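Beneath this line is the structure, given in structure tokens, with notes to follow.
Naming: A, B, ... by sequence-line order, numbering from 1 per chain. Everything numeric here is computed off the predicted structure, so don't read it as measured data. Scope of the values below: all heavy atoms of this structure, side chains included, with no hydrogens, waters or symmetry mates.
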There are 2 protein chains.
Amino acid sequence: MQKETLCLGLLSLGPRSGYEIKQMFEGPLSDFYSLSFGTIYPTLNNLQADKYVSCKQHSQSKKPDKKVYTITKKGMELMKDNLLSDASSYIRSGNFGDQIKSEFFLLLLFSKYLPKETMNTVLNERVLYLRQKLEQFKYDGPVPGNLDAIRNEKSVSFIRGLASALIETGLNYMEKNRGKLN
Amino acid sequence: MQKETLCLGLLSLGPRSGYEIKQMFEGPLSDFYSLSFGTIYPTLNNLQADKYVSCKQHSQSKKPDKKVYTITKKGMELMKDNLLSDASSYIRSGNFGDQIKSEFFLLLLFSKYLPKETMNTVLNERVLYLRQKLEQFKYDGPVPGNLDAIRNEKSVSFIRGLASALIETGLNYMEKNRGKLN
DNA sequence: GATTATATATATCATTCTGATATATATACG
DNA sequence: CGTATATATATCAGAATGATATATATAATC
């Protein structure tokens, strides 16, 4: 997805600074996508130059100014147009669509070159890690600051449910079939 | 995973050309990882310069020479060392580990900005696509050329089984819960 | 009360990687 | 006989990351 469309989409949930957009990528979106500061800040500057977002500078005594961006009508239109024209190309992506770039799967692929104890530890830690992830996805309590804007989206419940189901399947499979790796 | 380790790992399954390594990424590995020609060819050249692989040039009358690379003892050692020292960092990656970069999930996130008919078509095509993927993963018949080297790995059976289970879960979830997106 | 670590906030850039393009030939298909 | 696809390597502009720089506030630790 184009970085512009993505930033506009996140701003459609409410006005935000670049730093707060990054927080969304590190929080609720961390398992699905991410953009770096080096992408976010230039993108916001370009969007502002082209009037897709407006910017209010909140000067905070001696911290650097907090630049809060708001999506404009023109920006909403661009976002919707882009989503519509690119929708079909995203059908073949993500979870067993296009490239997943799974380092873990690659490690499994070459597991025969690792000592058995090492692979045992790795698999144990993977299981622990996935259990932890599962709890995160199932957690329904309060979230800090403006991160609840994204949590309350209907689509986010759908995605979280899907993610939980996938992790559970992965955990069950790993526990039942790990013997087959030796 | 470092591109060097990855290329060495694939060469550990047997001697191959850069083109054939690319074929592995587009075939059996396409859902887990990929490297472009722009990465593969320079990497092989560097590995050769440092004696981690050797190269035999098969001149083919008027086609460009086919450069077949073979992993050396030194290369096997580097690969194993790298795998061992990086193993723990791969535990938190892939399927709900690190970044999945799922364009499809992002599209769902912004689905409220798309017309209902469009989302309906998108979800239908996604289901068809996943069914097709599932068949691919379950297919156990013959594969062309030297691609069976990777298919016959024990770890590959494990990964394919896991992938099938995950896709099935995703399909079931989508079919049961797609109403919740409206 | 001093120090250390972490959080807020933006900006920049070298390095890395991709996706596209270039080049050249062979083969299959109708 | 032309057209599309496959084989095969190489290169490079453009994009994105990860790291680093800068500056301050706040919380935790000792």
Integer-rounded Å distance: [N] [atom2] and [X] [atom1]:
{"X": "B:L44", "N": "D:dA8", "atom1": "CG", "atom2": "P", "value": "14 Å"}
{"X": "A:E26", "N": "C:dT8", "atom1": "CD", "atom2": "P", "value": "10 Å"}
{"X": "B:L6", "N": "C:dT16", "atom1": "CG", "atom2": "C1'", "value": "15 Å"}
{"X": "A:E4", "N": "D:dA15", "atom1": "CD", "atom2": "C1'", "value": "11 Å"}
{"X": "B:K66", "N": "D:dA10", "atom1": "NZ", "atom2": "P", "value": "14 Å"}
{"X": "A:I21", "N": "C:dT10", "atom1": "CD1", "atom2": "P", "value": "10 Å"}
{"X": "B:K22", "N": "C:dA20", "atom1": "NZ", "atom2": "P", "value": "11 Å"}
{"X": "B:R16", "N": "D:dA8", "atom1": "CZ", "atom2": "C1'", "value": "16 Å"}

Looking only at side-chain N and O atoms, does [X] come under 4.0 Å of OP1 or OP2 in [N]?
{"X": "B:T39", "N": "C:dT18", "result": "yes"}
{"X": "A:S17", "N": "C:dT8", "result": "no"}
{"X": "B:Y41", "N": "D:dA10", "result": "no"}
{"X": "A:K67", "N": "C:dA11", "result": "yes"}
{"X": "A:K3", "N": "D:dG14", "result": "no"}
{"X": "A:Q23", "N": "C:dT8", "result": "yes"}

Residue whose closest nucleotide on DNA chain D lies nearer the 5' end, B:P42 versus A:Q2 |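 Whichever sits nearer the 5' end wins; that is B:P42.
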Nearest-nucleotide wise, let me know which of A:F37 and B:N45 is further upstream toward the 5' end of DNA chain D.
->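 Final value for this comparison: B:N45.
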Working for side chain to side chain donor-acceptor pair (under 3.5 Å), residues A:Q136 and A:D31 | CA-CA 11 Å; A:Q136 268 175 44; A:D31 295 296; over 6 Å; no
Nearest to the side chain of A:Y19 - C:dT18, C:dT10, C:dT12?
->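 Ranking C:dT18, C:dT10, C:dT12 by closest atom to the A:Y19 side chain puts C:dT10 first.
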If you check the A:S36 side chain, which of C:dT12, C:dT18, D:dG18 turns out closest?
->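 Looking only at side-chain atoms, A:S36 lies closest to D:dG18.
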Answer with base, sugar-phosphate or nothing: what part of the nucleic acid does A:G18 contact at a heavy-atom distance below 4.0 Å?
->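 Contact class for A:G18: sugar-phosphate only.
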Among B:V53, B:T43, B:T72, whose side chain to side chain contact (heavy atoms under 4.5 Å, CB included) with B:Q48 holds?
->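 Checked B:V53, B:T43, B:T72 against B:Q48; only one passes side chain to side chain contact (heavy atoms under 4.5 Å, CB included): B:V53.
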Counting distance only, does the side-chain N/O of B:R16 pair as donor-acceptor with the main-chain N or O of B:L11 below 3.5 Å?
->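 No.
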Distance-only, no hydrogens or angles: does the A:T39 side chain make a donor-acceptor pair with backbone N or O of A:L35 under 3.5 Å?
->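 Side chain of A:T39 to backbone of A:L35: no pair is present.
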Do the side chains of A:K66 and A:Q57 get nearer than 4.5 Å, heavy atoms only?
->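 A:Q57 vs A:K66: side chains apart.
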